[in-house]
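Here the structure comes first, spelled out in C-alpha cells, and everything after it is commentary.
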Amino acid sequence: MPRYNPAVIEPKWQAYWESNKTFRTPEMPAGEKVYILDMFPYPSGAGLHVGHPEGYTATDIQSRYWRMRGKSVLHPMGYDAFGLPAEEYAILHNVPPRVSTETNIATFTRQLKDLGFSYDWDRCLATTDKEYFRWTQWIFLLLFDTWFDLEQQRGRPIAELAVPADVVAQGQDAVALFRDKHRLAYQGEALVNWCPGLGTVLANEEVIDGKSERGNHPVQRMPLRQWMLRITAYGDRLISDLDGLDWTLGIKKLQSDWIGRSTGAEVDFPIVSPSEFPSWQNNRIGQLFQDSIPDDVLRIYTTRPDTLYGATYMVIAPEHPAVKKVTTTDSAAAVKQYCDAATFKSDRDRTDGDKRKTGVFTGAYAINPVTFKPIPIWIADYVLIGYGTGAIMAVPAHDERDFEFAKAFNLSVECVVEPPQHESDRDKILNGDRCFTGAGLALNSGSLNGLGTQEALDRIIAELTANGVARQAINYKLRDWLFSRQRFWGEPFPILHELDASGKPTGIIRAVDVKDLPVDLPQLEDYKPHGRPEPPLAKADDSWLYVTIEGKRYRRETNTMPQWAGSCWYYLRFIDPKNSSAIVDREKEKAWMPVDLYIGGAEHAVLHLLYARFWHKVLFDRGYVSQTEPFHKLVNQGMILGEVEFTGFKTLDNQWVSTVHTEKGETGFVHTKTKELLSTVSVADSEVTKVGDNFVLVSDPSIRIDSRAHKMSKARGNVVNPDSVVSEYGADSLRLYEMFMGPLEATKPWSTTGVNGVRNFLDRVWRLMVDTHAEENRLVDCIQDIAPTAEQNRVIHSTIMAVTRDIESLSFNTAIARMMEFVNFFTKETVRPRQGMESLVLLLSPYAPHMAEELWQALGNDHSLAYQPWPNFDESLTRSSEMEVPLQINGKLRAKLVVPADSNAEQLEHAARNHEKLAEWLDGKQIVKAIVVPGRMVNFVIK
RNA sequence: GCCAAAGUGGCGGAAUCGGCAGACGCGCUGGACUCAAAAUCCAGUGUCCUUAACAGACGUGUGGGUUCGAUUCCCACCUUUGGUACCA
C-alpha cells in the first residue's frame with residue numbers, strides 16, 4: 001500500500017458514510033441517549049473559519065466516542081441564516097437574500113462534510129426554511145397567547161387572565177386592549193437608533209460615538225412602536241434555575257449579573273408646595289400604593305430607602321415624561337437644549353470616556369416625604385429612562401454618582417449613615433466631604449436613628465407603605481427584549497392590524513390563524529431603505545400587505561423578528577425536524593432532551609443562552625416541553641488567534657523605538673514622551689532573541705520587540721483558511737491539530753509547524769501498520785496475531801485507560817499525547833500484536849476518523865468502525881511489578897529507589913534508610929521525622 | 001473602575017488528592033542511512049557552575065506566609081486576555 005494520502009482516503013470514507021447513512025439517528029433512542037450539540041453557524045459569505053472546526057471537532061469526538069460506547073447519539077447541524085449581512089449583500093448587488101443565503105449554506109455544508117463530522121445530515125435545517133420559521137412564528141403566537149401569573153410564577157393562557165369588571169363593562173375592545181397589555185409579546189414604544197442620513201434604524205453595535213458605523217452620519221434616538229417580549233417576568237426563574245446546570249461559574253455569574261436583580265422600594269415624592277404637603281400626605285395615609293403614577297408626584301426607585309433622609313435633590317432622565325410638566329418657564333430654554341443634545345447620545349456615549357456629570361435644573365421642587373423639605377428637581381443623563389422609574393432621589397452622602405453630581409453643581413450633602421469606627425475619613429464622611437456607601441448606623445433620620453442599615457431599611461419601607469407613599473419593589477437590569485427589527489431578512493410577525501374605513505389602524509390586533517402559517521416574506525424588487533423609520537416590508541405589494549377576514553380589513557405587521565428568534569429553539573427541532581403538526585413530538589422531546597453537551601463560542605454566553613432559556617421556560621409552562629432547562633452542560637471553546645508575530649516600532653526617520661517607550665494613541669502607536677506617531681514593522685523570528693522576560697532585537701538588545709498573537713482578521717492578513725489546511729495536510733490533521741493545540745476552553749495561537757507536527761504523527765501511525773514499500777495493500781510484517789508481552793500490555797492498557805478518561809473530561813490534547821507515546825513505543829517494537837494495533841485504531845477513530853476507517857479496513861475488517869465497541873482496559877495490566885520512588889531529605893530530592901510496586905510504608909522506609917546514596921546525607925545527622933507515602937515518596941526530616 | 005480567566009523552557013503546552021516540574025508536540029543540536037539531498041530512524045535539549053565522571057546550586061509572573069514538602073493552599077502586588085460600563 002502507498003504512503004498515507006488523505007486526499008484519497010478522506011473523500012472515500014466521506015462518501016461511504018453518506019451513502020451508508022452511517023450516522024443516521026433513530027427517531028427514538030434505543031437504550032441510553034446522549035444529545036451533543038454545536039452552536040450552529042451563521043453561513044457568511046466568507047465560508048468556514050478555523051474557529052468553527054474547533055468546537056465541532058470536540059463534539060464530533062464525543063459523539064463518535066459515545067456511539068462506540070453503545071449510546072444513541074443525537075448530533076445534528078444546521079444554519080442560523082436570517083440576518084443582516086445577507087440583506088446588506090442584497091442591497092449592494094440586488095441579489096435576493098434567499099439566493100445568497102442558499103449559496104452560502106451550500107459552501108458551509110461542503111466544507112463541513114470535508115471535515116468528516118458525523119452529523120445526521122437528514123436532520124439539517126436552516127432558520128430560513130419555510131417549514132422551520134413557520135414554527136418560529138407559531139412560538140411567537142404562543143408568547144402572544146401567554147401572560148405571566150406573578151403569584152404562580154408561571155406563564156398561562158391569556159384566556160385564563162382575569163379581566164376586571166370595570167374593563168369588561170367598557171366592552172370588547174377594552175377587554176382586548178387589557179389583554180394585549182398583559183401578553184408576553186406586546187407592543188410598546190422603545191427608543192431606537194434612527195439614522196436619517198442612511199434612512200434606517202441601526203442596531204446598537206452599528207452606532208459608534210453617536211455616528212453611524214457606515215458613513216459616519218449622526219444617529220438620533222427616537223421612540224418607535226416595537227414588539228417586546230416580557231423576559232423580565234422570568235427574571236427570578238432565569239437566575240434560580242442556573243443552580244442545577246453544569247456550566248462554569250463564570251458564565252452563570254455573567255448571566256445572573258446581566259439579569260441584575262435588585263430589591264428596594266418605589267417612593268412617591270409629591271410635586272407640591274410645602275403648604276399643600278400636609279393635605280397631600282393625609283390623602284395618602286391608609287391608601288394602597290397605585291400602579292399608575294398620579295400626576296402630582298415623581299416616583300423613584302431606590303435600593304437604599306434607609307437613606308431617604310439624606311435625599312437632598314432629585315434627578316430625572318432627559319426622556320422622562322415629567323420633564324415638560326415640571327420645568328419652569330425660566331428654565332425651559334436650558335432644559336430643551338440639554339434634552340435635545342441627549343437624544344443624539346446613545347446610552348453608551350453618555351457613559352463612555354470621562355465620567356464628568358452633566359445636568360440642568362428644572363426650576364421645580366418636590367417634597368421629601370420624610371423631611372418634608374422641598375428639594376430641587378434636576379435633569380441629568382446619568383439617570384437612565386429605561387431602569388426603575390427613570391427618576392431617582394439623590395443621596396450624595398451615600399451614593400458615588402450623586403456625590404459627584406452634587407459636587408459638580410454645588411448641591412447639599414447630608415450624612416445620614418454613621419460609618420463604623422474603623423472606617424477611615426470618618427470625620428469627612430460625617431461632614432459630607434466624602435461619600436460612604438457601606439452599611440452603618442442611621443443618623444439624622446428621625447425614627448430610624450441608631451438602627452443598622454438593614455433594620456432601617458425594613459422599618460422605613462414598613463412605615464412608608466402604611467402611609468401610602470411607598471412599596472417594596474424589585475428591579476432588573478435586564479430589560480424586556482426588544483424583539484422587532486426594521487429589516488427585511490427575518491421572520492415576519494404573524495400579526496394583523498385592524499384598519500378602519502379610512503385605512504387607519506384601529507389599535508386592535510389579531511393573530512394570524514395557526515392554519516395560515518407560515519407568513520412568508522413578500523417578493524421585493526428593491527431592498528433599499530426608503531428614508532422613513534419604517535420597515536422595508538411596508539414596500540410589499542398590497543396583495544401581501546392587506547388581508548380581509550370576516551369583512552374586516554387588516555394590514556400585516558411589517559417589522560421582522562431579530563436573528564435571535566430562530567436560534568432560540570432549533571435544538572428542539574433537531575429532535576423532530578420533519579414534524580408538520582407540532583414544533584416537536586412530545587414523546588420524542590421527552591426521550592431526547594435535555595441537550596447533554598452544548599459547545600460554542602463565549603460570545604453567546606449571555607444573549608443567545610438567556611433568550612433560548614426564556615423561550616424554553618414559556619414552552620415548559622405551556623406544556624410543550626418536559627424540562628425547565630434546555631442545556632445541561634455548556635462549554636465555551638476558546639478563540640484561535642493568528643500565528644505569533646514579532647512587531648517592532650520605528651520613528652518616521654527609521655529609528656527603532658523599544659516597546660517600553662510606546663503607547664496606544666488615537667490613530668496608532670505613539671512615542672510615550674514625544675507623542676510622535678510610530679510605524680509598526682514586522683520582524684522575522686531570526687532577528688529577535690529573548691533576554692529575561694522580553695524579546696529584543698539581535699542587532700540591538702536595547703530595543704524590545706512586541707511578541708503576540710493577534711485575532712485573525714482580513715485586515716491583518718493572518719486568517720487561516722480551513723480549506724487550504726485540508727488540501728495541504730488533510731482533514732484528520734486539521735481536526736487533530738485543533739484538539740492538540742491546548743485545552744478546549746483556552747485562547748491559543750495558530751501554528752503551521754504545529755499542524756505539520758500532528759501530520760507527522762499520523763504518518764507514523766500509518767507506517768506503524770502499513771507497508772509503504774509494497775505495491776498492494778499490505779500490513780507490515782511486524783504485525784502478528786500474538787499475545788502482547790507484559791510491557792506491551794502495560795502500554796496498551798494504560799493508553800486505553802488514559803485516552804478514555806481524557807475524552808470524557810474533554811482533555812483532548814492530553815489524550816492525543818498519550819496516543820503519541822503509544823506510537824513512539826510500538827515504532828521501536830519489531831513485533832506488534834494485532835490486538836494492540838486494533839485498540840490504537842479505535843482510540844484514534846474519534847479524532848482522525850478517515851485514517852482510522854482506512855486502517856481498520858486494512859486490518860481485515862469489512863465494515864465501518866463507527867459502532868465498534870470501545871476498547872476495554874484491564875487496570876491490573878497497567879501496573880508494573882516494580883516502581884521508582886523519590887527519596888527526599890528535608891523535602892529535596894536526593895535519590896531514587898526502585899522497589900516492588902506493592903511495598904508498604906514500613907518496607908519502603910526500611911529500604912530508604914539503607915539506600916547507599918542517602919548514607920552521606922544522613923551521616924552524623926538525626927532523623928527527626930520520616931514521611932512515607934507508599935507508592936509516592938519518602939522524605940526524611942533531619943537535623 | 002468593576003467582574004472573570006490566565007501567567008511554567010526558544011515556542012504551544014503537561015503535571016488526578018499538596019509528593020520526582022517540564023509529559024507530548026514544535027524548534028534546535030548531533031548521529032545513522034545516502035554519491036548527495038529530502039524523507040526516515042536513533043540520541044540529546046530548563047538555566048548556571050563545575051567535572052574525566054559522579055555530583056551540586058537555582059528554577060513554574062513578583063514579594064510574603066502555611067507545610068516535612070507548594071506550579072498546586074492563603075495574603076498582597078504586577079502583567080496579559082476577555083467581558084462590562086453611572087442599573088440608583
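Keep in mind the model is a prediction, meaning the values are calculated, not measured. Numbers restart at 1 for each chain; the letters A, B, ... are given by sequence-line order, proteins then strands.
Heavy atoms of A/Gly388 sit nowhere under 4.0 angstrom from any nucleic acid atom. Note on A/Arg759: nothing from the nucleic acid sits closer than 4.0 angstrom, heavy atoms only. A/Gln888 comes within contact range of at least one nucleobase, with a heavy-atom separation under 4.0 Å. Within 4.0 Å (heavy atoms only), A/Met741 reaches sugar-phosphate atoms of the nucleic acid but no base atom. Residue contacts for A/Thr753: at a heavy-atom cut-off of 4.0 Å it reaches the sugar-phosphate backbone alone, with no base atom in range. Counting any heavy atom pair closer than 4.0 Å across all strands shown, A/Lys690 reaches sugar-phosphate atoms only and no base atom. When heavy atoms are screened at a 4.0 angstrom cut-off, A/Ser262 is found touching the sugar-phosphate backbone but no base atom. At a threshold of 4.0 angstrom between heavy atoms, the contacts of A/Lys892 are confined to the sugar-phosphate backbone, with no base atom among them. Residue-level contact check: A/Arg764 touches the backbone only, with heavy atoms under 4.0 Å from sugar-phosphate atoms and none from bases. Residue contacts shown for A/Glu884 include a base, since a base heavy atom lies under 4.0 Å away.
Nearest nucleotide to the side chain of A/Thr814, out of B/rA15, B/rC86, B/rG10: B/rA15. Comparing B/rG12, B/rU16, B/rG19 by their nearest atom to the side chain of A/Phe740 picks out B/rG12. Comparing B/rA88, B/rG19, B/rC20 by their closest approach to the side chain of A/Met937 singles out B/rG19. If you check B/rG25, B/rA21, B/rA88 against the side chain of A/Met820, the one that comes closest is B/rG25.
Counting to the nearest Å, the C1' atom of B/rA6 and the NZ atom of A/Lys748 are 13 Å from each other. Across the protein-nucleic acid pair, A/Asn939 atom CG and B/rG69 atom P stand 8 Å apart, rounded to whole Å. At whole-Å resolution of the value, CG in A/Asn824 and P in B/rC42 are 8 Å apart. The separation between A/Asn756 atom CG and B/rG12 atom C1' is 15 Å, rounded to whole Å. Protein atom CE of A/Met819 is 15 Å distant from nucleotide atom P of B/rC24, rounded to whole Å. In this structure, the CE atom of A/Met739 is 14 Å from the C1' atom of B/rG12, given to the nearest Å. Atom-to-atom, CG of A/Asn890 to P of B/rA70 comes out at 11 Å; the value is rounded to the nearest Å. Rounded to an integer number of Å, the gap from OH of A/Tyr737 to P of B/rG12 is 11 Å.
Not one N or O on the side chain of A/Lys748 forms a donor-acceptor pair closer than 3.5 Å with the backbone of A/Glu738. A donor-acceptor pair is defined here as one N or O able to donate and one able to accept, closer than 3.5 Å; no such pair exists between the side chain of A/Gln255 and the backbone of A/Ile239. In terms of modelled atom types and a separation under 3.5 Å, the side chain of A/Asp381 and the main chain of A/Pro318 share no donor-acceptor contact. Of the possible polar contacts, none joining the A/Arg832 side chain to the A/Thr830 backbone as a donor-acceptor pair under 3.5 Å is found.
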Open item on the list: Pairs counted only when both distances fall under 3.5 Å, Watson-Crick or G-U: show me the 5' to 3' dot-bracket for RNA chain B, [ ] for pseudoknotted crossings and | for other-strand partners.
Closed with: (((((((..(((......[....)))((((((.......))))))(((.......)))..(((((..]....))))))))))))....
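Across the C1' atoms, B/rU84 and B/rU47 are found 42 Å apart, a figure rounded to whole Å. For B/rU79 and B/rG31, the P atoms lie 47 Å apart once the distance is rounded to whole Å. Rounded to whole Å, the P atom of B/rU50 lies 32 Å from the corresponding atom of B/rG65. Distance noted for atom C1' between B/rC17 and B/rU72: 10 Å (whole Å). Distance check on atom C1': B/rG56 versus B/rU51 gives 11 Å, rounded to whole Å. Comparing the same atom, P, in B/rU62 and in B/rU67 gives a spacing of 23 Å after rounding to whole Å. Taking atom P on both B/rA21 and B/rG59, the two are 12 Å apart, rounded to the nearest angstrom. A gap of 23 Å separates the P atoms of B/rU80 and B/rC75, to the nearest Å.
Nucleotide B/rC17 carries a syn base; the chi torsion (O4'-C1'-N9-C4 or O4'-C1'-N1-C2) is within 90° of 0. B/rG12 has its base anti relative to the sugar, with a glycosidic angle deviating from 0 by more than 90°.
Comparing A/Lys253 and A/Asn760 by the nucleotide of RNA chain B whose heavy atom lies nearest to each, the residue mapping closer to the 5' end is A/Lys253. Heavy-atom distances to RNA chain B give each of A/Arg818 and A/Thr827 a nearest nucleotide, and the one nearer the 5′ end belongs to A/Arg818.
Under a cutoff of 6.0 Å and an axis angle of 45°, A/Lys357 and A/Phe405 do not form a cation-pi pair.
In this view, A/Asn718 and A/Glu645, A/His710, A/Met712, A/Ser713, A/Arg716 satisfy the side chain to side chain contact (heavy atoms under 4.5 Å, CB included) rule, not counting sequence neighbours. Residues forming a ring-ring contact (aromatic ring centres under 6.0 Å, His included) with A/Phe822 (at least two apart in sequence, or on another chain): A/Phe826. For A/Thr752, the side chain to side chain contact (heavy atoms under 4.5 Å, CB included) partners are A/Glu643, A/Tyr729, A/Trp750, not counting sequence neighbours.
You won't find any donor-acceptor pair under 3.5 Å spanning the side chain of A/Arg708 and the base of B/rU80, going by distance alone. For A/Lys357 against B/rC86, a side-chain-to-base donor-acceptor contact under 3.5 Å is present.
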Open item on the list: side chain to side chain donor-acceptor pair (under 3.5 Å), that's the test. Do A/Tyr387 and A/Ser262 meet it? Break it down for me.
Closed with: CA-CA 11 Å; A/Tyr387 184 78; A/Ser262 75; 3.1 Å; yes
Open item on the list: I'd like to know whether A/Arg879 forms a side chain to side chain contact (heavy atoms under 4.5 Å, CB included) with A/Arg794, so could you lay out the CA-CA distance, the side-chain angles of the two residues, the decisive distance to 0.1 Å, and finally the verdict.
Closed with: CA-CA 7 Å; A/Arg879 289 189 282 264; A/Arg794 218 161 27 246; 5.9 Å; no
Open item on the list: side chain to side chain contact (heavy atoms under 4.5 Å, CB included), that's the test. Do A/Phe812 and A/Ile807 meet it? Break it down for me.
Closed with: CA-CA 6 Å; A/Phe812 305 118; A/Ile807 232 171; 4.0 Å; yes
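Using a cutoff of 4.0 Å between basic side-chain nitrogens and carboxylate oxygens, A/Arg818 and A/Glu821 are scored as salt-bridged.
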Can you list, pair by pair, the side-chain donor-acceptor contacts under 3.5 Å of residues 929-938 of chain A, counting residues two or more places apart and other chains?
none

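Between B/rC3 and A/Lys252, no contact under 4.0 Å exists linking OP1 or OP2 to a side-chain N or O. Residue A/Arg3 has no polar side-chain atom (N or O) positioned under 4.0 Å from OP1 or OP2 of B/rA39.
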TODO: Summarise protein proximity over nucleotides 59-67 of chain B in one line of letters, 5' to 3': B for base, S for sugar-phosphate only, - for none, counting protein heavy atoms closer than 4.0 Å.
DONE: ---------
